[in-house]
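Let me begin by presenting the structure, written as structure tokens, before commenting on it.
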Amino acid sequence: MSAPPASPRRPSLWVIAGPLSRRHYWMFAAIGLLVPFILWAALSASAWVDPVFLPGPARVFARLATWLIEDDLMTDAGISIYRVMVGFLLSAVLALPLGLLIGAFRPVEALLEPLTDFIRYMPAVAFIPLVMLWFGIEESAKISIIFIGTFFQMVLMVAENVRLVPRAQIEAAQTMGASREEIIRLVLLQSAKPAILDTLRITMGWAWTYLVVAELVAANSGLGYSILKAQRFLKTDVIFGGIILIGVIGLLMDQAFRWLHRKAFPYLHGRG
Amino acid sequence: MKNEILPSKVTIRHLGKVYDGSTTGVAALQDINLSVEHNEFITLVGASGCGKSTLLRILAGLEYATSGEAYCDGKRIDGPGAERAMVFQHYSLYPWLSVLGNIKFSRGLKANRGDITSSDVEAASGRADALLNLIGLDKVADSFPNQLSGGMQQRVAIARALLGRPSMLLMDEPFGALDAQSREVMHDMILHIHRIEKTTIVFVTHDVEEAIYLGQRVVLMEPRPGRIHSIYPVPLPRSRDQDMKHTAPFRELKAEILARIRESSGMATDLELLDKLCAQSSAM
């Protein structure tokens with residue numbers, strides 16, 4: 001007698017490049033986020049570390065609350081977001097057309113790409129002393145650092161996005177009688193748009209990093225400056241709170257870009 | 001040369017092509033002479049590297065010959081033109097446009113707009129709808145290309161190429177990526193289109209059976225340097241059906257062309273090498 005046929009076994013979660021249900025995804029995500037948080041809470045509550053150097057989550061969030069209510073957290077966050085936005089938009093406004101031209105025309109590529117490649121390897125942080133000499137610690141100084149840190153990378157990435165447009169898409173337009181201007185506007189730009197939005201999302205993350213760098217050395221306001229000020233007075237809870245806040249704002253911006261991607265390019269996200 | 005009468009649809013004379021960076025110095029195309037008649041369906045076949053795609057791309061105006069010349073309707077070809085539409089093997093559809101949007105793409109271009117009246121626009125919409133019907137995709141007009149199968153995508157590409165009523169359709173292995181069943185459907189569809197649209201079709205393929213089934217003449221090309229070996233008239237009636245593939249004339253022509261391709265593509269030397277390797281391994 002043979003045993004009744006076994007019901008098909010669920011595939012293991014640990015198959016290489018295997019599928020993962022939504023429920024499992026969120027389960028693992030929750031573990032990944034909660035475990036470090038619990039470790040942090042446990043470590044700070046233990047006698048091993050001085051709470052001055054490692055404040056517990058409760059103290060950090062209480063501090064964030066008083067920062068929000070009594071001090072001007074919104075002003076600090078607002079000025080930081082403003083700087084990122086201006087620096088980032090300035091980069092984007094110049095990098096998009098330039099990247100498009102480099103990607104579309106080989107002579108422009110030869111003219112500008114080696115130069116851009118060279119400058120992008122100069123660390124943006126090393127420009128800070130020069131920028132401070134030129135602009136002092138005015139807004140333009142912070143915005144310049146963000147610009148230097150993102151612009152050159154952005155140009156090269158946008159150029160690459162444009163170069164990756166399938167040749168057949170361009171040639172099809174040529175055989176249908178499209179002019180050069182029409183090929184750039186109706187094919188290259190449209191085809192590369194989703195990839196360019198991803199480029200903007202990634203460079204936004206870098207803009208955020210350079211903002212903090214700029215605020216640490218050349219500012220008297222903003223989240224980065226608050227972190228620096230807190231160090232002088234040994235207010236580690238403020239440092240923790242500031243870092244977490246910067247992370248959360250960055251994450252929200254990233255998610256906003258992803259949402260925009262889904263809304264703007266429905267043809268790339270699932271069927272219908 | 002200018003005042004000479006060129007009665008054929010396409011005339012190619014002593015055409016040659018050497019690529020700029022060619023290290024071997026072997027011509028991609030050498031001394032190509034060919035005439036294509038009005039409303040003819042001609043197929044180019046040959047081993048890879050024989051230059052059949054290059055020749056097609058020169059006719060499309062996407063590449064330039066380095067010697068000789070090619071004429072379409074008596075005018076020298078020196079760039080792309082809307083009267084010579086092209087269908088590519090893949091990746092040529094615009095994924096951000098719907099099926100209908102893709103088909104109507106050329107309508108929005110300045111070159112095709114001219115002085116547009118509302119009745120022209122109506123006629124164009126009617127033409128797009130008629131083409132959708134012709135390719136049997138009227139039910140998915142609003143879908144995006146990535147929601148369609150490969151065969152359906154190629155049908156959209158064909159309809160898009162036909163929108164502006166080109167007098168010539170250049171096809172570069174358009175069904176090369178499709179499965180055998182879809183290919184047969186596509187073959188009968190393109191023959192039907194050829195019949196009712198009265199376009200001249202130049203069709204490149206590496207599949208000998210496809211070349212014979214579709215073509216009124218089959219041009220066999222050979223590599224190193226790329227050249228025309230011979231031109232075979234297909235001994236079948238113009239109106240084809242799948243059963244003809246089993247007739248004697250079809251099979252004989254297929255065998256002849258295949259034998260010639262094998263001979264020229266260096267398979268013989270490969271077999272020698274294989275024999276040597278086998279001998280070595282058995283000696284060990």
Side-chain angles (χ1 to χ4, degrees), chain A residues 96 99-100 103-107 109-110 113 158 160-201 257-272, chain B residues 53 56-57 59-63 77 79-99 101-114 140 142-148 153-154 156-158 160-164 166 168-174:
Chain A
L96 286 179
L100 195 59
F105 297 107
R106 297 305 298 273
E109 177 186 327
E113 204 168 52
V158 170
E160 188 60 18
N161 297 151
V162 173
R163 268 195 295 262
L164 287 178
V165 171
R167 204 173 173 77
Q169 287 184 5
I170 300 166
E171 290 181 339
Q174 286 174 329
T175 57
M176 285 188 274
S179 66
R180 262 184 312 192
E181 177 266 329
E182 283 172 328
I183 290 172
I184 290 178
R185 187 163 49 82
L186 300 175
V187 180
L188 288 186
L189 195 58
Q190 301 302 322
S191 192
K193 243 199 281 186
I196 291 175
L197 188 62
D198 271 329
T199 292
L200 292 182
R201 180 172 62 80
F257 268 108
R258 285 177 198 271
W259 175 85
L260 187 64
H261 204 280
R262 281 194 299 275
K263 286 285 144 203
F265 312 117
Y267 58 91
L268 292 174
H269 298 273
R271 317 224 131 204
Chain B
S53 281
L56 192 78
R57 290 171 59 80
L59 292 181
L62 293 172
E63 282 187 41
I77 295 171
E83 76 285 358
R84 284 166 281 126
M86 179 127 167
V87 178
F88 299 81
Q89 186 174 3
H90 42 205
Y91 306 129
S92 75
L93 290 183
Y94 301 129
W96 61 93
L97 295 176
S98 68
V99 164
N102 267 284
I103 293 176
K104 284 179 163 174
F105 180 84
S106 66
R107 203 44 62 179
L109 301 174
K110 257 175 272 148
N112 308 320
R113 243 177 296 170
V140 293
D142 298 320
S143 301
F144 288 118
N146 69 353
Q147 295 170 301
L148 308 180
Q153 291 185 18
Q154 283 309 76
V156 177
I158 291 169
R160 180 177 67 177
L162 289 171
L163 185 81
M168 260 189 96
L169 198 52
L170 305 166
M171 308 184 83
D172 193 2
E173 303 204 24

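Within every chain, numbering begins at 1; the chains are lettered A, B, ... in the order of the sequence lines, protein sequences first and strands thereafter. Only a predicted model underlies this, so the values are computations on that prediction, with no experimental measurement involved. All heavy atoms count here, side chains included; hydrogens, waters and symmetry mates do not.
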> Would you say B/Y91 has more than 12 foreign heavy atoms packed within less than 6.0 Å of its OH?
Replying inline: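 Open.
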
> Considering residues, nucleotides and ligands other than A/R167, do more than 12 of their heavy atoms fall under 6.0 Å from its CZ?
Replying inline: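 No.
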
> Looking at B/G79, B/S92, B/P80, which one has more heavy-atom pairs under 4.5 Å with chain A than the rest?
Replying inline: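 If we count pairs closer than 4.5 Å to chain A, B/S92 comes out on top.
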
> Where does B/L170 contact chain A at under 4.5 Å (heavy atoms): side chain, backbone, both or neither?
Replying inline: neither

>> Is B/F88 close to chain A through its backbone or its side chain, or both, or neither, when contacts mean heavy atoms under 4.5 Å?
In response: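 Side chain of B/F88 only, per the 4.5 Å heavy-atom cut-off to chain A.
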
> With sequence neighbours left out, what residues match B/D142 under side chain to side chain donor-acceptor pair (under 3.5 Å)?
Replying inline: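 Testing B/D142 for side chain to side chain donor-acceptor pair (under 3.5 Å), a comparison that skips the adjacent residues, returns none.
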
>> Any side-chain to backbone donor/acceptor pair from A/E182 onto B/K110? Under 3.5 Å, distance only.
In response: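 Judged by distance alone, yes, a pair lies under 3.5 Å.
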
> With respect to chain B, which residue among A/P166, A/S191, A/P194, A/G177 yields the maximal number of heavy-atom pairs within a distance under 4.5 Å?
Replying inline: A/S191

> Do the side chains of A/Q169 and B/P95 get nearer than 4.5 Å, heavy atoms only?
Replying inline: yes

> Just wondering, do B/Y94 and A/L186 contact through their side chains at under 4.5 Å, heavy atoms?
Replying inline: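 No. Closest side-chain heavy atoms not under 4.5 Å.
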
>> Within this structure, what is the CZ-OG1 distance for the pair B/R160 and A/T175, rounded to the nearest 0.5 Å?
In response: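 Reported value, rounded in 0.5 Å steps: 7.5 Å.
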
>> Counting only non-hydrogen atoms closer than 4.5 Å, does A/S179 touch chain B with its backbone (N, CA, C, O), its side chain (CB onward), both, or neither?
In response: side chain

> Closest heavy-atom contact between A/M176 and B/L109?
Replying inline: O-CD1, 3.5 Å

>> Can you give me the closest heavy-atom contact between A/V187 and B/F105, atom names plus distance?
In response: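 Looks like CG2-CZ, 4.0 Å.
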
> ring pair (Phe, Tyr, Trp, His ring centres under 6.0 Å) with A/F265: which residues, sequence neighbours excluded?
Replying inline: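 For A/F265 the ring pair (Phe, Tyr, Trp, His ring centres under 6.0 Å) partners, ignoring immediate neighbours, are A/H261.
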
